[in-house]
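Letters A, B, ... mirror the listed sequences (proteins, then strands); counts begin at 1.
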Amino acid sequence: MAVATRYPTRPLDCWGKLREIRRKYAVRSWDVKERGGFAVAAQLPLMPMVAGIGEFARRIYGPYFGKAMKEPEVLRQFHEAADAEGYPRGEMCSSMHHQIGQMLLGLTQIDPMTGVSRPVDFILECNFCHSVSKTAQIGGEIMGVPFFIIDVPHTSGEAAQRYVSGQLMDAIGWLEKITGRTFDDGKFLEAMTHWWQRGALYARIGETLKAIPAPLDYWQVRALRVPAQVGGHTAEVAEFYEMALDEVRERIKEGISAFGVETCRLSHEGEEMFYADKLLADTVMHYGAVFVTGDVGFNTGLWDIQEDGSWRAAPTLQEMGLTLSTREDAVNLLARSFVDYGPIFHCLRVDEKPTEMVKKSQDWHSQGAVLHMDIGCRGMSPGVMEAKIALEEAGFPTVSYESSNSDPRDFTPSQITDRLESFLERLGLNRIS
Amino acid sequence: MASVEATATTLERFSRFVKERHEYARAWKERTGGKVVGYFCSYVPEEVLYSQGVLPVRVLGSHEPQDLTERHIFGMFCPYSRDVLFQGLSGRYEYLDGLVFAHCCPHIRQSYESWRLHRPVEFNHLMWVPSLVQSEHAVPFFEDGVRKLTSATEEWTGKKVAPEALAQAISTYNLNRRLLAQLYQWRKPEPPLITGAQAMEVVVSSTVMDKAEHNQLLQELLAGKPQATAAGVRLLALGSENDDTGIIELLESLGASVVIEDNCLGNRYFWDEVSPDGDGLTMVATRYLEKPPCPQRDIGPRVRADYLTALAKEYNVQGAVFLRQKFCDPHAYEVPILQQAFKDLGLPTLILELDVTTPHGQYRTRVEAFMEMFL
């Protein structure tokens, strides 16, 4: 029977700054054109490159993503719009599926605060999974805007890096052509430096969860990714992560825990249910258990994944002894961030996943793994079944649940809660609240 | 010229080679002392293996219910990926010396990885296939992969590939492609001179046979006297990997003539030849990226809609049937766009989802209803 040891706890001080950044960029994403900038539907890792054309705001295809995740009925409407057009439910990425629905409903172009139409100017996307690139293609066609896709192979090596670098150089030419602006290398270099810094720092925050008690839980770390999503290429956001990392390290020194109790440490693998992420955290919290690893959050950082499967935070540019001086320097570093340091570009390396999951569980001192068999994700679900076997063989109990990251129609909360509670009881835990 | 009966007999031989593919590969191995490699995707550059005396055979499913793969592969992965993994785990391909995988999609990759993990073979090789095939950087990247496959195979077999051997392999494969293209001319007349199911068996047999032997058989067939098939509604069958002739036979038993298809075990397998000019490996890499792309490789400005409508016109089709493996999302993403493209040509469409086994009763009803549209 696990003993519910109590630890001190308190909220993070940097939440306030995080909210401030999020609010600022939310407003800027809709008035960017008034400021002479561009509205871009772009994948996160390409933000430093887009900075080379000057002022821009990043939007995803579904600006109502957050609203939809809080209001399942709204989310259902988006899915149904995609269903009606012939994009089959449950057979493609559920996150892209509802965003296609938003595009078909014309919402991607509508400012949610004023209802005014403010169209996206272009799409710049990464093929980190084919769902994303196919959606970019469909998005370009629906919205009638130019699109450019960078194909990123899920494999390392010089040839892969050359392939990506070549396409990134082409993308710069394309950006100049469609915007009519001269690409500013200085801005690109600066953005790339900040981008790398925030990625390396964010991964370090993830690493702090190895401490016992964990200074934050996985879901809190995942919430900290928001500034990276809205302005990860800026000095302000890089500074935010320095501040956040300092604060989390201070919590470790003071023995501050995530919630005041830690009876058990758990790993989560597979994309999370964006509309119901609290369900998992809340369920285990009643037993005093804490999630210490997960996919979507950790994938925001830059990681140096070792041959033995261990995840280490990527070195900072200073640690690498690297100064960016030319466009080629920045392009090559961006390519490396995909090929060598971006775990999201690692997710199809199915053969490495079992080893990585076991190593992560060992390094983060996890005592069991919760695996999401995600009907709505083709990129992160490969390898999870084999990882389940590997984890069990390595002595980590596992439980799996089937659902969809973004389609509540494939979500049965009572079943997930039941499975999770049975698992926690199997681990010898009792409800403590 | 051979008689109508002799030509029909030759066609049956192709069908037998598909059904008895395991016996064929074992006999080939015994006869030649060579190695046999299983592969999973039509982007594997077979010429490289063939030039080293290795027989590449495409791994096909057997379309029978099973639960052996449940522990290893997610239930929402495509039926083909589960079926081929079943072949590996159940030992149906125990004679394979190696496995080569060209990354085509995450589902099949899982099959490859689980197979080699639980049923290890002597030689494994995974190569990445670029998706943005239109990019000028794609061929050099894929060429690097082709060269790595060459080196890995050389190390495994202990044989260096001589340029002459590669040229010979390219020539043998090109002849096969040319002969298959000639055979496809038989599908253009009304009524066609070969059924869709027969054409499919000829192409599928090519993926599991020594190409030199297949060429001889094809030459024999093409020198023969084909008989007009029963007239039917001319259909284009397109979609995911399909190694189940049963579904084509079902369509044709209900008044259809499948006169052309678009899938990786049909036209996309043999369309376009390797240029004999220039460095052999470069030309091999170029051919594989320049052939008609699968949806996974159509991520830039869309090309498949124009290519498919041109194909529909060339073969004078009256309708299109999507044969999509359940959970195959690259194909799912393009269905609405292609349906519209066919609609613009006045071609009705039907979507059938393929599973490991075909629900003949249910599909019969749906196909019958579809065929009534042409009355």
S131(A) versus chain B, the contacting section by heavy-atom distance below 4.5 Å:
both

Heaviest contributor of heavy-atom pairs below 4.5 Å to chain A, chosen from K326(B), Q339(B), Q340(B), is K326(B)

Looking only at heavy atoms and a cut-off of under 4.5 Å, which of H118(B), K148(B), H103(B), E70(B) has the most pairs with chain A?
H118(B)

Structural part of S114(B) lying under 4.5 Å from a heavy atom of chain A:
both

H331(B) side chain to E91(A) side chain, donor-acceptor N/O pair below 3.5 angstrom:
no

If we ignore angles and hydrogens, is there a donor and acceptor under 3.5 Å between the side chains of Q296(B) and H130(A)?
yes

Measure F77(B) against the heavy atoms of chain A and call it side chain, backbone, both or neither at under 4.5 Å.
side chain

Whatever's closer than 4.5 Å to a heavy atom in chain B on H154(A) counts as both

Just how far is it from atom CZ of R378(A) to atom CD of Q110(B), taken to the nearest 0.5 Å?
13.0 Å

What part of I299(B) gets within 4.5 angstrom of chain A, counting heavy atoms only: side chain, backbone, both, or neither?
both

Within the structure provided, determine whether L348(A) and W128(B) are in side-chain contact (heavy-atom separation under 4.5 Å).
yes

Is it the backbone or the side chain of L117(B) that comes under 4.5 Å from a heavy atom of chain A, or both, or neither?
side chain

K134(A) side-chain N/O to A332(B) backbone N/O, donor-acceptor pair under 3.5 Å:
no

Of the backbone (N, CA, C, O) and the side chain (C-beta and beyond), which part of C78(B) lies under 4.5 Å from a heavy atom of chain A, both, or neither?
neither

Once you round to the nearest 0.5 Å, how far does OG of S381(A) lie from NE2 of H107(B)?
6.0 Å

Take a 6.0 Å sphere around CD of Q415(A) and say whether it holds more than 12 heavy atoms from other residues, nucleotides or ligands.
no

In Å and rounded to the nearest 0.5 Å, what is the CD to CZ distance from Q167(A) to F141(B)?
9.5 Å

Chain B contact via A160(A) - side chain, backbone, both or neither, heavy atoms under 4.5 Å
both

Give, as side chain, backbone, both or neither, the part of E141(A) having an atom under 4.5 angstrom from any heavy atom of chain B.
side chain

Looking at every heavy atom in both M385(A) and F74(B), which two are closest together, and how far apart are they?
CG-N, 3.8 Å

Please look at C93(A) and chain B and tell me whether the side chain, the backbone, both or neither of the residue comes under 4.5 angstrom of a heavy atom of that chain.
both

Quick one: what part of P382(A) sits under 4.5 Å from any heavy atom of chain B, side chain, backbone, both or neither?
both

Indicate yes or no: at least one non-hydrogen side-chain atom of H72(B) is less than 4.5 angstrom from one of K388(A).
no

In terms of heavy-atom pairs under 4.5 Å with chain A, which of L126(B), I337(B), L132(B), V335(B) leads?
L132(B)

Regarding D170(A) and H137(B), do their side chains bring together a donor and an acceptor under 3.5 Å, going by distance alone?
yes

For D298(B), does its backbone N or O pair with a side-chain atom of Q137(A) as donor and acceptor, under 3.5 Å?
yes

Under 4.5 Å heavy-atom distance to chain B, tell me which part of E125(A) shows up: side chain, backbone, both or neither.
neither

The interface call for D351(A) against chain B, heavy-atom contacts under 4.5 Å, is both

Heavy-atom pairs under 4.5 Å with chain A are the metric here; pick the option from C328(B), P295(B), S135(B) that has the most.
P295(B)

Between F147(A) and chain B, with a heavy-atom cut-off of 4.5 Å, which part of the residue counts as in contact: side chain, backbone, both or neither?
side chain

Side-chain touch Y333(B)/M96(A), heavy atoms, less than 4.5 angstrom
yes

Check: P140(B) and Y163(A) side chains under 4.5 Å, non-hydrogen atoms
no

Under 4.5 Å from any heavy atom of chain A, what part of R324(B) do you find: side chain, backbone, both or neither?
side chain

Any side-chain heavy atom of R302(B) sitting closer than 4.5 Å to one from I138(A)?
yes

With rounding to the nearest 0.5 angstrom, report the CZ to CG distance, R162(A) to D144(B).
6.5 Å

When the 4.5 angstrom heavy-atom criterion is applied to R116(B) and chain A, the contacting part is side chain

Pick from G86(A), A159(A), S400(A), C347(A) with the largest number of heavy-atom pairs that fall under 4.5 Å of chain B:
A159(A)

Would you mind telling me which of I100(A), V152(A), I389(A), T155(A) has the largest number of heavy-atom pairs within less than 4.5 Å of chain B?
I389(A)

When rounded to the nearest 0.5 Å, the distance separating CD1 of I375(A) from CZ of F327(B) is 7.5 Å

Without swapping roles, check the side chain of D151(A) against the backbone of S131(B) for a donor-acceptor pair under 3.5 Å.
yes

How long is the gap from CZ on R349(A) to CZ on R109(B), to the nearest 0.5 Å?
8.0 Å

The interface call for I150(A) against chain B, heavy-atom contacts under 4.5 Å, is neither

Examine whether an atom of E143(B) lies under 4.5 Å from a heavy atom of chain A, and if so say whether it belongs to the side chain, the backbone or both; otherwise answer neither.
neither

